[in-house]
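Note that these values count all heavy atoms, side chains included, but never hydrogens, waters or copies made by symmetry. Residues: numbered from 1 along the sequence shown.
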Amino acid sequence: MTSSTFAAERAGTLADQAYRSIADRLVTLRIRPGEPINDDRIAAELGFGRTPVREALKRLEHERLIVAYPRRGTFATEVQIADLGHISEVRLQLEPLAAGLAAERASDADRAELTRLLTRLAKSSDSDDDDLIRLDMTLHRAIYAATRNPYLEDTLIRYDNLATRIWCLFLDRLPGLAGHVHEHGPLLRAIVDRDAEKARALAAGHVEGFETAIRGVI
């Protein structure tokens with residue numbers, strides 16, 4: 001491997017790390033909607049160079065989490081409630097598809113991970129909203145990974161990020177966060193048990209419940 005190839009691979013790895021760190025801040029609203037994004041400051045905070053951070057920002061712009069304006073700068077996108085219907089429309093088709101495929105395709109390792117997450121879910125605290133939000137994201141990503149379809153996985157992560165951002169915006173007005181997260185228990189069990197039909201139905205109900213809850217407070 002040449003030094004230039006090694007440098008390129010390392011930059012890619014750092015860009016992935018930067019992406020995950022910045023995305024987490026955007027999705028959980030630690031970077032607020034409309035807040036300016038300073039790549040130098042973020043690079044210093046994360047301990048990365050400017051190149052991987054800029055690569056991460058390009059990816060986040062494609063995923064509609066940030067927006068860049070010529071001569072104005074880069075900003076976290078505003079949360080548009082009008083997008084809720086569009087996001088739910090896509091998720092209502094793809095989340096049940098993913099749940100069914102996971103039930104049919106999950107490897108033994110996937111099922112072991114989902115079983116581990118079931119135990120973690122049962123032991124989770126209902127009083128820490130930040131932990132519950134991150135657990136919710138972890139559960140979704142484990143299901144997406146079990147589909148063994150990287151294109152579907154990437155697409156659903158994008159839409160789950162956008163949906164979670166809306167959830168976080170109304171978190172202080174939404175009752176029953178713990179109940180929403182714990183809905184994943186029967187869904188994970190259906191996937192582990194290879195019950196694709198039940199998994200699809202539960203996933204559809206979860207997405208519908210999310211939209212109903214948000215519309216109830218806006």
Side-chain angles (χ1 to χ4, degrees), residues 9 12-13 15-17 19-21 23-24 26-28 59 63 65 87-168 171 174 176-214:
E9 289 187 357
T13 300
D16 289 341
Q17 293 177 28
Y19 164 80
R20 288 191 292 269
S21 296
D24 181 76
L26 289 162
V27 170
T28 60
R59 182 175 171 186
E63 296 181 1
L65 289 172
I87 293 168
S88 295
E89 190 173 61
V90 175
R91 294 182 71 225
L92 193 55
Q93 297 300 314
L94 297 187
E95 291 279 357
L97 173 64
L101 289 176
E104 294 167 353
R105 298 178 177 176
S107 66
D108 289 344
D110 291 326
R111 294 178 196 284
E113 173 63 9
L114 293 172
T115 300
R116 185 189 69 80
L117 288 172
L118 269 169
T119 301
R120 179 179 167 188
L121 180 62
K123 295 180 178 179
S124 63
S125 169
D126 292 348
S127 59
D128 191 318
D129 287 350
D130 288 342
D131 285 349
L132 283 169
I133 288 291
R134 287 186 169 78
L135 177 56
D136 182 85
M137 294 169 68
T138 298
L139 297 171
H140 277 276
R141 279 149 183 70
I143 294 170
Y144 305 156
T147 67
R148 296 294 155 184
N149 183 328
Y151 297 98
L152 179 60
E153 180 181 2
D154 287 348
T155 300
L156 274 169
I157 287 173
R158 287 177 57 189
Y159 282 97
D160 185 58
N161 282 341
L162 295 171
T164 302
R165 205 160 175 252
I166 293 174
W167 189 268
C168 288
L171 192 58
L174 283 165
L177 173 61
H180 176 78
V181 176
H182 281 279
E183 285 180 5
H184 291 90
L187 173 56
L188 295 178
R189 176 53 59 193
I191 293 172
V192 171
D193 291 343
R194 302 183 186 275
D195 190 338
E197 182 177 356
K198 184 176 181 180
R200 285 191 290 266
L202 289 168
H206 185 71
V207 175
E208 290 169 346
F210 167 82
E211 182 172 10
T212 298
I214 297 295

(request) Answer yes or no: is there a side-chain heavy-atom contact under 4.5 Å between I143 and L156? (result) no

(message) Give me the atom names and distance for the closest heavy-atom approach of L114 to A142.
(response) CD2-CB, 3.8 Å

(message) Return the NE2 to CG distance between H182 and L121, rounded to the nearest 0.5 Å.
(response) 5.0 Å

(request) Determine, step by step, whether R194 and E104 satisfy the side-chain contact (heavy atoms from CB on, under 4.5 Å) criterion, reporting the C-alpha distance in whole Å, the side-chain angles of both residues, the deciding distance to 0.1 Å, and the verdict. (result) CA-CA 6 Å; R194 302 183 186 275; E104 294 167 353; over 6 Å; no

(message) Is any side-chain heavy atom of E95 closer than 4.5 Å to one of Y159?
(response) no

(message) Among residues at least two apart in sequence or on other chains, which ones pass side-chain contact (heavy atoms from CB on, under 4.5 Å) with D24?
(response) T28, R30, R134

(message) Check E197 with R200, please: is the shortest side-chain N to carboxylate O separation under 4.0 Å?
(response) no

(request) Give, for atom CZ of R148 and atom CG of L101, the distance between the pair rounded to the nearest 0.5 Å. (result) 12.5 Å

(request) Can you sort out the partners of R20 under salt bridge (Lys or Arg N to Asp or Glu O under 4.0 Å), two or more places apart, ordered by chain and number? (result) none

(message) Apply side-chain contact (heavy atoms from CB on, under 4.5 Å) to residues N149 and R105 and explain how you reach the verdict.
(response) CA-CA 10 Å; N149 183 328; R105 298 178 177 176; 4.1 Å; yes

(request) Output the distance between atom OG (S107) and atom CD (E113), rounded to the nearest 0.5 Å. (result) 10.0 Å

(request) To the nearest 0.5 Å, tell me how far D130 CG sits from L135 CG. (result) 12.5 Å

(request) With rounding to the nearest 0.5 Å, note down the distance linking CG in L171 to SG in C168. (result) 6.0 Å

(request) Kindly compute the distance separating CZ (R120) from CG (L139), expressed to the nearest 0.5 Å. (result) 7.5 Å

(message) I need the single residue from D154, D110, D160 that forms a salt bridge (Lys or Arg N to Asp or Glu O under 4.0 Å) with R141. Which is it?
(response) D160

(request) Looking only at non-hydrogen atoms, find the nearest pair between A190 and A103 and report the distance. (result) O-CB, 4.4 Å

(message) Quick check on the 6.0 Å ring-centre criterion: do H140 and Y144 meet it?
(response) yes

(request) Indicate the atoms forming the closest heavy-atom contact of E211 with S88, along with that distance. (result) OE1-CB, 3.2 Å

(message) For Y19, does the six-membered ring have the charged nitrogen or CZ of R59 within the cation-pi criterion, i.e. under 6.0 angstrom from the centroid and within 45° of the normal?
(response) yes

(message) On a heavy-atom basis, which atom in L65 and which in R165 lie closest, and how many Å separate them?
(response) CD2-CD, 3.8 Å

(message) For a quick test of reading the model, state the closest non-hydrogen atom pair linking W167 to I214 and the distance between them.
(response) CE3-CD1, 3.9 Å

(message) Please give me the minimum heavy-atom distance between A163 and I87, naming the atom from each residue.
(response) CB-CG2, 4.2 Å

(message) With heavy-atom distances below 4.5 Å as the criterion, would you say the side chains of L187 and I191 are in contact?
(response) yes

(request) Kindly determine whether R189 and L118 satisfy side-chain contact (heavy atoms from CB on, under 4.5 Å), including the steps that lead there. (result) CA-CA 8 Å; R189 176 53 59 193; L118 269 169; 3.3 Å; yes

(message) Set out, in order, the CA-CA distance, both residues' side-chain angles and the distance that settles side chain to side chain donor-acceptor pair (under 3.5 Å) for T164 and N161, then state yes or no.
(response) CA-CA 5 Å; T164 302; N161 282 341; 5.7 Å; no

(message) For a 4.5 angstrom cut-off between non-hydrogen side-chain atoms, does L162 reach R158?
(response) no

